[in-house]
Amino acid sequence: MTREPRFGALAADARWQAAWEAADSFATTDRGDKPKAYILEMFPYPSGRIHMGHVRNYAMGDVLARFKRMTGHDVLHPMGWDAFGMPAENAAMEKGVHPGGWTRDNIAAMRAQLKRLGLAIDWSRELATCEPDYYGQEQALFLDLFAAGLVTRKESYVNWDPVDMTVLANEQVIDGRGWRSGALVEKKKLSQWFLKITDFADELLEGLSSLDKWPDKVRLMQENWIGKSQGLEFSFRLAGGAPGFDVFTTRPDTLYGASFAAISPDHPLAERLAKDSPELAAFIAECRRQGTSAEQLETAEKLGFDTGLSVEHPLDPALHLPVWVVNYVLMDYGTGAIFGCPAHDQRDLDFARKYELPVHRVIADGDEVAQHFTGDEAWTGPGRLVNSHFLDGMSIDEAKAAVIARAEHEGWGKGTTVWRLRDWGVSRQRYWGTPIPFIHCPACGLVPVPKDQLPVVLPEDADFSVPGNPLDRHPTWKHVACPTCGGAAVRETDTLDTFVDSSWYFLRFASAPSDRPFDPEVIRRWLPVDQYIGGIEHAILHLLYARFWTRALNKLGMIDIKEPFASLFTQGMVTHETYSRTASREERVGDVTHRHAYEEFLTPEQVDLETKSRDGKNWPPANSVGVSISTTFDPAKVIKKGDVFIFPNVAASGEGVDIGRVIKMSKSKKNVVDPDAILDQYGADAVRWFMLSDSPPERDLPWSEAGIEGAWRFVQRLWRLFGDTEKTGEGGEDKALARKLHQTIAGVAADVEALGFNKAVAKIHALANEVEKAAPSATRAEACRTLILLVAPMLPHLAEEAWAALPDSQRTTAMIADAAWPAADPALLVEDEVTIAIQVAGKLRDTMTLAKGIDRDAAEAAALARPRIAELLGGGAPKKVIVVPDRLVNIVP
RNA sequence: GCGGACGUGGCGAAAUCGGUAGACGCAGCAGACUUAAAAUCUGCUAUCCAUCUGGGUGUGCGGGUUCGAGUCCCGCCGUCCGCACCA
């Protein structure tokens, strides 16, 4: 077969994707005696189109999966769809389509797009969470958790999103707004389903320390989210002896510094007192109106209302503290009540100064021990206890222990732990989710749907024409007979949070029997996931829920593992420059027409980036349509980058364009590049190569036209090089090239193993450069052949094409997809000569080439013998000589 | 406010253990090939001085430890991220 001078990427993509499918090349193998590798990328939501972030994510996982196959592992590399969720329902409301049809169409479109990338995925394991064979098993698991007491129903205040008309988990409220809709979240009291993630708070926190292959950042974020605080919980008695209320503190040591007690506006006592006090009721209402966004908290003033009640100080009942209702105490943390110690808490101090309450120092600030505390900055640092009776002279830790011991001994309080983590509210008043498998019977109460009646399937004929829950208003779906008594009953119409769906899909990929969620034996073989790859945006929500779910199933004895993901990698985003110009738009208000200037974003295709160098032969330049920029271009918009001047302009008109920040691709900023268009132009391998080049994978990757073109050029360069696999010339062995080759084999393997794709790419480039320059030889021909294997995980289509062109005698397998990673010869990994730096007083002055492993004295002598060094030393004897074997000699004169 | 990460050429970056800073790529410049263009190939490309040998400076800024610091320590500045009235 004659060799094409250029690599026909599009034809090769199609040819090899079909060949892999025909041969079922990426079916999961389980040979038992081989090490396993479960490589998983976070499964996508089927929004309709893949974006560059997906391409980067799946390219990384694919390189690793292919590399693991080449190094003799049994590889599980599956793909599926996180298919329930709001966008499908929104589409149903806006376009009148069915969420199921919309979702399944999107899946089909995105599957086709992903296949164009040539991913080594076992598609036979594909799953979609919106199909009954998946969510039915999820319902079974939910019933198991219920039976184990890990599911509860509580009447509680919930975060209500008034736009999506649903409840949100705390994790889904960002700056007081719904994470999807961006609407201000309201507090609403509803009966809700909860998963008792707080039962596992301690375990989930402790477990983090075992996750040594997770990014520190993610572990820290989870640690902060779980938020463990240890301290003292105790009861205040109202003055006169009536029972009062409980408070929690992490600073029991400062108890003698208390000057008031404070309760939340939502505290039951506050609500009770408000019944007889219109002023207090008004104050509480005012507090509830306050926003909780970042800016509002920043500026919010401390406000309080004196109830007129007072409580007894637990260590000195003669001492009475006034009880205030204050706006900065939250009902849903601790007990919703505190004691105020202004000297050592900034918020309490702000409050005390405003309402002129006493401020007593109880922790010495250096030599400052006076009880009367001055200034507006609380002392929260270390120090000895002062003005505190039996605690005086103790350290903070000693005093904490002493107060807790006394409280427990006297029975008015106890040492306790408080968590920031709340139970996971999983009820959603939506149609497009997993139905919660319960029935409400007027006679029997809450009845689980018997497992033999699962799955509880969503009705197809739902009405999406008005907001609210279509399941609840469906005419027939919810009306069923009670499984226990047979009487008329109604189904639960809440569905599960979609984060439940993604909390166990990694188990179902490994094992998907039709009659149960998974086979524990198979789970034992494949889990935990060896490498999980996805976005940092899931650092808390998904990753914490999945850890909880795994631990819950472990507690139920269904699986052995406690942690689902042994190694986690969070990849960076794909970014792009933004382009904009100042535009204006007319708006008629009554009979007056206003002109508004606004920033109009432009797509990369609309913008022409004229690039000219300083010597400026083409200055002033003309743009691509021949419009002289000198007449229309705004000189203020010229960007200088080194010696280069860039004239960003609207391609159609030459009008100047502002180049904005390099940010994540987003539709609103119009800086999106569509993967399909790039695939059409350059093929899968160039896109994959670009995604892996240059930027470290955990950092953001700036997309650029020049970058993808560079990747395309390199693919073509390799193709030309692969034409030299038989060209041995007269030369035999080329020792230097052989070394470089084997060092690269070992180096690329190590880099890929560590997900250092940019470094692996650099090493392949360096090898290609050397091979190109080398004279023809047997070694060079071998290097060309080996290079095909080295790029196979990253550029699979190019590699197959080049592999197929090799004579049979040079191929170990029919397809490179089945080939083994080349072995690096250890003897060739070490150089026999090394370049040694010679420093004088720490400054580099010369270098010399010596045999590797030369002893210290010989290296020192060789350095001192160099004429340049002798000259610099001026004949004097060096004071000191430091020799680092095989690296450098530093002479101190 | 609390916690964390990061800061290296015009740009993306490398330097794995404290040991030759800038590998590799992009952009740029010069040249070769070509009627021309594209493609391809060769060379140069941190900066200043000197010009073909060299020397000074240089990893955000200021200190420190060390024979030697991008790397370790202290203090600033800046950027980004997470949490946020969490008692």
Side-chain angles (χ1 to χ4, degrees), chain A residues 5-6 174-175 215-218 220-221 223-225 227 229 231 247-251 254 262 290 292-294 296-298 300-302 326-330 332-341 345-348 350-351 418-420 536 539-540 611-615 639-644 646 662 690 693-696 699-702 704-707 709-711 713-714 716-717 720 750-751 754 756 758-759 761-769 772-773 835-847 868 878-884 886-893:
Chain A
R6 285 175 75 75
I174 294 149
D175 284 345
D216 289 343
K217 181 186 171 69
V218 174
L220 191 70
M221 282 166 71
E223 186 182 324
N224 291 340
W225 190 263
S229 297
V247 298
F248 171 74
T249 179
T250 56
R251 296 294 304 271
T254 64
Q290 262 182 26
T292 49
S293 75
Q296 284 163 319
L297 289 180
E298 201 80 12
E301 212 180 341
K302 304 279 180 287
V326 303
N327 64 343
Y328 67 91
V329 171
L330 307 175
D332 57 3
Y333 184 79
T335 60
I338 61 163
F339 75 82
C341 176
D345 182 287
Q346 190 60 49
R347 293 155 300 161
D348 293 344
D350 294 345
F351 183 77
V418 163
W419 305 87
R420 211 190 77 108
I536 186 74
I540 297 171
T611 305
K612 296 298 162 200
S613 68
R614 174 183 285 164
D615 58 19
I639 311 274
K640 182 176 183 292
K641 286 190 175 176
D643 289 345
V644 175
I646 297 170
V662 180
F690 180 56
S693 308
D694 291 355
S695 286
R699 242 180 269 179
D700 288 352
L701 173 71
S704 74
E705 193 69 21
E709 276 171 9
R713 278 200 301 273
F714 186 67
Q716 294 299 342
R717 222 175 113 198
R720 286 192 295 276
D751 287 338
N758 57 321
K759 294 192 223 170
V761 162
K763 287 190 175 91
I764 288 169
H765 262 288
L767 177 62
N769 289 346
E772 277 182 343
K773 284 189 186 111
T835 304
I836 293 179
I838 308 172
Q839 296 180 339
V840 176
K843 284 191 187 298
L844 181 72
R845 294 299 174 190
D846 201 1
T847 59
R868 277 187 47 70
K879 198 192 295 174
K880 190 175 177 187
V881 178
I882 292 110
V883 180
V884 181
D886 293 338
R887 299 219 73 140
L888 65 66
V889 178
N890 187 11
I891 301 156
V892 186

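Reminder, nothing fancy here: chain letters follow the sequence lines and each chain counts from 1. FYI, side chains are in, hydrogens and waters are out, and symmetry mates aren't considered; it's all heavy atoms of this structure.
Between A:I891 and A:Q839 the shortest side-chain heavy-atom distance does not fall below 4.5 Å. Side-chain contact between A:I338 and A:D345 is absent, with no heavy atoms from C-beta onward closer than 4.5 Å. Contact check for A:R845 versus A:I838: no side-chain heavy atoms found under the 4.5 Å cut-off. Taking the side chain as every heavy atom from C-beta outward, A:I536 and A:K217 approach each other to under 4.5 Å.
Under 4.0 angstrom from either OP1 or OP2 of B:A39 there lies no side-chain N or O belonging to A:R6. For the OP1/OP2 pair of B:G54 and a distance below 4.0 Å, the side-chain nitrogens and oxygens of A:R868 include no atom meeting the criterion. A:R251 has no side-chain polar atom (N or O) that falls below the 4.0 Å cut-off from OP1 or OP2 of B:A87. For B:G56, the OP1/OP2 oxygens have a side-chain nitrogen or oxygen of A:R845 closer than 4.0 Å. Between A:N758 and B:A14 there is a side-chain N or O to OP1 or OP2 distance below 4.0 Å. At the phosphate of B:U16, neither OP1 nor OP2 sits under 4.0 Å from any side-chain N or O atom of A:K759. An OP1 or OP2 oxygen of B:C26 is reached within less than 4.0 angstrom by no side-chain nitrogen or oxygen of A:S693. Regarding contacts with the backbone of B:U66, every side-chain N or O of A:N890 stays at 4.0 angstrom or more from both OP1 and OP2. Taking only side-chain nitrogens and oxygens, A:K843 comes nearer than 4.0 Å to OP1 or OP2 of B:U57. Residue A:R713 places at least one side-chain N or O closer than 4.0 Å to OP1 or OP2 of B:C26.
Using C1' as the reference atom, B:U16 and B:G31 are 39 Å apart when rounded to the nearest Å. B:G28 and B:C11 have their C1' atoms separated by 11 Å, with the value rounded to a whole Å. Between the P atoms of B:U71 and B:G60, the separation comes to 8 Å (whole Å). Taking atom C1' on both nucleotides, B:C48 is separated from B:G68 by 25 Å, rounded to a whole Å. B:U65 sits 34 Å from B:A13 when the P atoms are compared, rounded to a whole Å. Going from the C1' atom of B:G70 to that of B:G1 covers 32 Å, rounded to whole Å. B:A14 and B:G22 are spaced 7 Å apart, taking the C1' atom of each and rounding to whole Å. Nucleotides B:A38 and B:G58 place their C1' atoms 40 Å apart, quoted to the nearest Å.
Across B:C83, B:C41, B:U20, the shortest atom-to-atom separation from the side chain of A:E772 is found for B:C41. The side chain of A:D694 approaches B:G25 more closely than any other nucleotide in the set B:G25, B:A87, B:U20. Side chain of A:A706, nearest nucleotide from B:A14, B:A23, B:C26: B:C26. When distances are taken from the side chain of A:H765 to each of B:G12, B:C24, B:G19, the shortest belongs to B:C24. Comparing atom distances between the A:M221 side chain and each of B:C83, B:G82, B:G12 picks out B:G82 as nearest. Nearest to the side-chain atoms of A:Q839 among the listed nucleotides B:A13, B:G19, B:A87 stands B:G19. Between B:A14, B:G3, B:C86, one nucleotide has an atom nearer to the side chain of A:P696 than all others, and that is B:A14. Relative to the side chain of A:A766, the nucleotides B:A14, B:U20, B:C24 differ in distance, and B:C24 lies closest.
Between A:E772 and A:R720 no salt bridge is recorded (no basic side-chain N to carboxylate O distance below 4.0 Å). By the 4.0 Å N-to-carboxylate-O rule, A:D751 lies close enough to A:K763 to be salt-bridged with it.
At the heavy-atom level, A:T847 lies under 4.0 Å from base atoms of the strands shown. Among the atoms of the strands shown, none is found under 4.0 Å from any heavy atom of A:T335. Across all strands shown, A:L330 has heavy atoms under 4.0 Å from base atoms, whether or not it also approaches the sugar-phosphate. If you check every strand for non-hydrogen atoms under 4.0 Å, A:R347 touches a base. Residue A:V881 is classed as having no contact, given no heavy-atom separation below 4.0 Å to the nucleic acid. Residue A:N769 is classed as a sugar-phosphate contact, given heavy-atom separations below 4.0 Å to backbone atoms only. Note on A:V892: only backbone sugar-phosphate atoms sit closer than 4.0 angstrom, heavy atoms only; bases stay farther off.
Between the C1' atom of B:U40 and the CZ atom of A:R720 lies a distance of 6 Å, rounded to the nearest Å. Here the P atom of nucleotide B:C86 and the CD atom of A:Q346 are 11 Å apart, to the nearest Å. Regarding A:Y328, its OH atom lies at a distance of 13 Å from the P atom of B:A87, rounded to whole Å. What separates CZ of A:R717 from C1' of B:C24 is a distance of 11 Å, to the nearest Å. Remark: C1' of B:A87 and CH2 of A:W419 are 17 Å apart, rounded to the nearest angstrom. As rounded to whole Å, 13 Å separates atom P of B:A69 from atom CG of A:L844. B:C81 atom C1' lies 11 Å from atom CG of A:D700, rounded to whole Å. Atoms CG (A:D216) and P (B:G82) sit 18 Å apart, rounded to a whole Å.
Aromatic ring pairs are classed by plane angle as parallel below 30°, tilted from 30° to 60° and perpendicular above 60°; the pair A:H765 and A:F714 is tilted.
In this entry the base of B:G58 is anti relative to its sugar, with a glycosidic angle more than 90° from 0. Taking the O4'-C1'-N9-C4 or O4'-C1'-N1-C2 dihedral as appropriate, B:C17 has a value within 90° of 0 and is therefore syn.
Figure legend. B:U57 is base-paired to B:A46; pairs are counted as Watson-Crick or G-U wobble with both atom distances under 3.5 Å. B:G25 is paired with B:C11 under the criterion used here, namely a Watson-Crick or G-U wobble arrangement in which both key atom distances are under 3.5 Å. Under the Watson-Crick or G-U wobble criterion, with both distances below 3.5 Å, B:C52 is left unpaired in every strand shown. Checking B:G62 for Watson-Crick or G-U wobble geometry (two distances, each under 3.5 Å) identifies B:C74 as its partner. In this structure, B:A5 and B:U79 make a Watson-Crick or G-U wobble pair, each of the two defining distances being under 3.5 angstrom. The base-pairing partner of B:C67, taking Watson-Crick or G-U wobble contacts with both distances under 3.5 Å, is B:G19.
When the nearest nucleotides of RNA chain B are assigned to A:T835 and A:I536 by heavy-atom distance, the more 5′-ward of the two goes with A:T835. Remark on RNA chain B: of its neighbouring residues A:K217 and A:T250, the 5'-side contact belongs to A:K217, judged by nearest-heavy-atom nucleotide.
At a cut-off of 3.5 angstrom, counting only N and O atoms as typed in the model, there is no donor on one side facing an acceptor on the other between the side-chain of A:K879 and the base of B:C67.
The one candidate from A:I882, A:V840, A:V881 that meets the side-chain contact (heavy atoms from CB on, under 4.5 Å) condition with A:V892 is A:I882.
Judged purely by distance below 3.5 Å, without hydrogens or angles, the side chains of A:N758 and A:R699 never pair a donor atom with an acceptor atom.
Put simply, the side chain of A:R887 never gets that close to the backbone of A:A837: no donor and acceptor are under 3.5 Å apart.
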